[in-house]
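First up is the structure itself, then whatever we jot down about it.
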Amino acid sequence: MSLNTDLAQLFTTMADIMDIKGENTFKVLAFRKVGRILGDLQFDVRECVENKTLCEIEGIGPSSQRIIEEYVATGRSGDAESLAQSVPATLLPLLLVEGLGPKTISLLWKERDIKSAEELAVALENGSLVGIKGIGEKKLAGIKQGLANRAK
């Protein structure tokens, strides 16, 4: 993958984690926007870092700039790592299940302490997810299908 793609994924993942945690919606949206901007760039973001022109890209603010510069310099982001450590690591793979987004994962985690695909499958089978506000039978059927597709 290219650096731009790696950074776009990093910001998208950070936004997902913030969304799961229930953090400020505007910050989540800003990180998603930075992810899209980086993914759509027609040039290597490394050049902007080296030329100190990163701040000239509309939509990239000081905190995003700091994260990008650290990632370009070291290949990692301390902010992203500490954010990832603030939620169970088993929650993040749930984002790959069709029918599950950050808000639904957050709801399942906070309402029923579901932290993994295995726990989710058990809860779907034993009916313990019924009654969660905002998650109806159709949504549960979609999640169940998403888990089945993922298992294939």
Side-chain angles (χ1 to χ4, degrees), residues 1-117 119-120 129 132-136 138-152:
M1 279 202 275
S2 74
L3 177 61
N4 293 13
T5 305
D6 291 346
L7 280 164
Q9 184 59 51
L10 178 78
F11 276 90
T12 301
T13 301
M14 289 176 74
D16 287 341
I17 295 169
M18 288 187 276
D19 221 358
I20 289 169
K21 290 179 63 176
E23 290 190 13
N24 181 303
T25 303
F26 295 109
K27 187 173 182 181
V28 172
L29 291 173
F31 272 59
R32 288 198 193 288
K33 181 179 179 182
V34 170
R36 281 191 308 275
I37 290 168
L38 292 168
D40 292 343
L41 284 181
Q42 299 298 316
F43 50 85
D44 190 350
V45 74
R46 185 182 316 274
E47 293 172 20
C48 294
V49 171
E50 291 168 355
N51 298 333
K52 305 212 183 299
T53 57
L54 190 58
C55 61
E56 294 173 12
I57 300 172
E58 190 173 335
I60 296 183
S63 67
S64 300
Q65 180 176 342
R66 184 178 43 75
I67 292 167
I68 293 167
E69 288 172 346
E70 178 186 9
Y71 192 88
V72 168
T74 67
R76 53 182 288 277
S77 164
D79 287 3
E81 290 169 5
S82 64
L83 190 59
Q85 291 172 357
S86 69
V87 298
T90 52
L91 280 180
L92 299 182
L94 289 175
L95 290 165
L96 302 174
V97 175
E98 195 177 322
L100 284 179
K103 296 213 185 306
T104 304
I105 292 169
S106 176
L107 201 54
L108 294 171
W109 179 37
K110 292 174 181 172
E111 294 282 326
R112 297 293 193 270
D113 197 35
I114 298 201
K115 299 181 287 284
S116 69
E119 291 175 358
L120 179 57
L129 299 181
I132 296 177
K133 186 177 179 176
I135 301 181
K138 188 174 179 181
K139 179 74 171 175
L140 291 175
I143 295 170
K144 196 172 192 175
Q145 184 63 49
L147 276 176
N149 293 345
R150 180 108 170 94
K152 290 179 185 174

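Nothing fancy with the numbering, it's 1 onward along the sequence.
Between K21 and L83, some side-chain heavy-atom pair lies under the 4.5 Å cut-off. In this structure the side chain of T90 never reaches within 4.5 angstrom of the side chain of E119, judged on heavy atoms. Contact of the L129 side chain with the I143 side chain is not registered, since no non-hydrogen atoms from C-beta on lie closer than 4.5 Å. Two residues are said to be in side-chain contact when any heavy atoms from C-beta on lie closer than 4.5 Å; I57 and F43 meet this criterion. Contact check for N4 versus R46: no side-chain heavy atoms found under the 4.5 Å cut-off. Within the 4.5 Å cutoff, the side chain of F11 has no heavy atoms near those of the I37 side chain. In this structure, I105 and V97 have side chains that are not in contact, with every pair of non-hydrogen atoms separated by 4.5 Å or more. Annotation: side chain of V28 is not in contact with side chain of T25 (no heavy-atom distance under 4.5 Å).
Once rounded to the nearest 0.5 Å, the distance linking CG of D19 with CZ of F31 reads 12.5 Å. The OG atom of S106 sits 12.5 Å away from the CD1 atom of I114 when rounded to the nearest 0.5 Å. Atoms OG and CD1, from S86 and I20 in turn, are 9.5 Å apart once rounded to the nearest 0.5 Å. In this structure, CG in L120 is found 6.0 Å from CG in L94, a value given to the nearest 0.5 Å. Here the straight-line distance linking atom CZ of R150 with atom CD of E98 works out to 11.0 Å at 0.5 Å rounding. Here the CG atom belonging to L140 is positioned 6.5 Å from the CD1 atom belonging to I135, to the nearest 0.5 angstrom.
For the pair K139 (side chain) and G99 (backbone), a donor-acceptor distance under 3.5 Å is present.
No hydrogens or angles considered: nothing links the side chains of Q85 and E81 as a donor-acceptor pair under 3.5 Å. No side-chain donor from either of Q9 and T5 sits under 3.5 Å from a side-chain acceptor of the other.
Closest approach of I17 and A84 over heavy atoms only: CD1-CA, 3.8 Å. The shortest heavy-atom contact between L95 and G101 is CD2-C, 4.3 Å. Taking both residues in full, the closest heavy atoms of K133 and L107 are given as O-CD2, 3.4 Å, listed atom of the first, atom of the second, then distance.
Taking a 6.0 Å sphere around NZ of K110, one finds it holds more than 12 heavy atoms contributed by other residues, nucleotides or ligands.
Of the options L7, D6, T13, a side chain to side chain contact (heavy atoms under 4.5 Å, CB included) to L10 is made by L7 and by none of the others.
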